[in-house]
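Please read the structure below before turning to the comments.
Keep in mind it's a predicted model, so treat the numbers as computed, not measured. First listed ligand is number 1; within each ligand, the first listed atom is number 1.
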Amino acid sequence: MTALPTIVAKAPRRFYIETWGCQMNELDSQRMAGQLMQQGILPTRAPEEADVILLNSCSVRDKAEQKVYSRLGEYRLFKRQNADLLIGLCGCVAQQEGERALDRVPDLDFVVGPARVGELAQIVSRRRQGERVVATGFPEERTYDIDAVARSGEYKGMVTLIEGCDKNCTFCIVPTTRGPERSRPLANVLAEVRHLLDYGFQEIELLGQTVNHWREPGGDLDFADLLEAVATLPGVCRLRFITSYPRDFTPRMVEKVGTHANICPYLHLPVQSGADNVLRRMGRGYTREQYVDLARQLRAARPDLALSTDIIVGFPGESDDEFEQTLGLVEETRFASLYAFKYSPRPGTAAPRLGAPVDPDVASERLQRLFARQETIQKEINLSLVGKEYDVVVTGWGREPGMQMGRTPCHRIVHFATGAEPADLGSVTRVRVAGALTHSLKAERV
Ligand code: SF4
C-alpha cells in the first residue's frame, strides 16, 4: 500500500497596516484591508509577522511625513527575515512623493495614492510578478467596492461623500494630495449606508474634506438634501458628518441639524484663526464675525450642540495682537474640544510667501497658552454636565479593570463602571454623569 502524503498546513499570509491622519485615511485603510482579506491575507498586529506592510500616510504636517519615512526605514529591516515581505507606501505622502519614494527607499515595493486605493489587490499581484508599481494621480474611473471594506469597530460605519478639495487654503496640501473635489452620486451613498445598516452599524459617519460642499453630480441637490435623505432612512440611529467648511453652511443645512434628532449634536467646524487678517491670508473666505454668527445659528437650532474646531498658531506674519484675537474667539465660542497645531510649511503652498515666519519659540508659547485657556473652558463645560443622563455607545474597555468607555451623542468620552453585567461593545447604554475631567466624563450606569 502506498503511504499517503503528509499534509503540512501552510500558515496564512498576514498584513499589517499603520494609519496616520484623518478619517478619510482610516476608511482607506479599511478598504485596503478588505481587498487583502479577499485574497486570503489576514490581519496581524505585529509588523514583524507580516508578509505585506502598508503605511497609510498623512502629509498635512511636516512631522507626520518625516515619521513615515523613519518607519519605512525600520520596517525594511524585516526583509532580512522575510524575503517575501512587501512594503507599500500609501496615502497623501505617496501621492506627493510618487517615484521619488522608490528612489529614496530602495526596499520599498509600491506607492499608492489616495485615489488609487481601490486598485491595491492588482498592485500587490503586479509586484509579486516583479513590477515596482507607482499608482498615483486622479483617474476619472475609480474602483470602489463596498463589499471589499474591512469595517472595523463595532458601532461606526464610515461613508465617503466627497473626495479631494477645491478650496486651496494657502497652508494646505490636501488639494495636491487628494486632487480636485468629486462628489459621489446620492444613489451610491444611500446604497452604502443601507449596506452598513444591514451589517448592524448604529452610527453612520459621512466623510469629506469639505463634507457640506457635497453636490449631486450633474444635479441640483446639495448637502441639506443629502442629510434629509440619509437621516430619514429607517435604522439610522446616529448620524455624524466631518469635516464641515464654515463658508459652505447654508440656512437649510442648519435647519436639518435642528430638525433631525438622529443627527448628532456634535460638529467639527475648523476656524483656523480668530483674526480677519490671518483668515484672509489663509484664503478661508469668511470673517471672524461670520464664523461666530454661524456658531450662534447652529446653537439656536440645536441648543445641546458641542462644537469642536481646528486652529493653526504661528501662521506666517501672525502678530501678537492677531493671536490675542484667536484667544478671544476661543473664549467667546467656548468649544467643547479643540485641535491646535503650530503652522508647518508644506511644499507648493502659498502661505510661506504671505508673511514673515513666526519664531518657533513664540509659536510654541502661543500654542501652550491656547491649550491652557481651552483646558479651563473645557473643564468648566464638562463640570456643567454633571448630573445629566446620556445614551452612550459602548466603544471599548477602560484602562482600569471593571471600567468601560463610550461616546455620548455629543461625542464626549465617558468612563463608567461595568457593574454586574458588562455592556456589549457597540450597544447603547444609559449613564448619568458623576464627574468631569478635562477630556472626558465619569459616569454611572443608570
Ligand atoms: S478646505 Fe482648505 S484646509 Fe480643508 S482640505 Fe480644503 S484646502 Fe485643505
For this session: Could you tell me whether ligand 1 has any atom less than 4.0 Å away from a heavy atom of Gln272?
Result: no

For this session: Report the protein N/O/S neighbours of atom 6 (Fe) of ligand 1 that fall below 2.8 Å; do not count waters.
Result: Cys165 SG

For this session: Using a strict cut-off of 4.0 Å, indicate which atoms of ligand 1 neighbour a heavy atom of Phe171.
Result: 3 (S)

Problem set entry | Element-labelled atoms of ligand 1 that are located less than 4.0 Å from some non-hydrogen atom of Arg284 | 2 (Fe), 3 (S)

Problem set entry | side-chain hydrogen bond (donor to acceptor under 3.5 Å, both in side chains) contacts in which one or both residues fall within residues 112-122, not counting sequence neighbours | Arg116-Glu119

Exercise. Side chain of Arg407, backbone of Thr395: donor and acceptor closer than 3.5 Å?
Worked result: no

Exercise. Counting only heavy atoms not in Asp359, do more than 12 fall under 6.0 Å of its CG?
Worked result: yes

For this session: Scan side-chain atoms only and decide if Glu163 and Tyr144 contain a donor-acceptor pair under the 3.5 Å cut-off.
Result: no

Exercise. Under 6.0 Å from the six-membered ring centre of Tyr199 and within 45° of its axis: does the NZ or CZ of Arg151 meet both?
Worked result: no

For this session: List for me each residue that meets side chain to side chain donor-acceptor pair (under 3.5 Å) alongside Asp304, sequence neighbours excluded, and say none if there are none.
Result: Arg302

For this session: Please identify each residue that fulfils side chain to side chain donor-acceptor pair (under 3.5 Å) with Arg132, with sequence neighbours left out.
Result: none

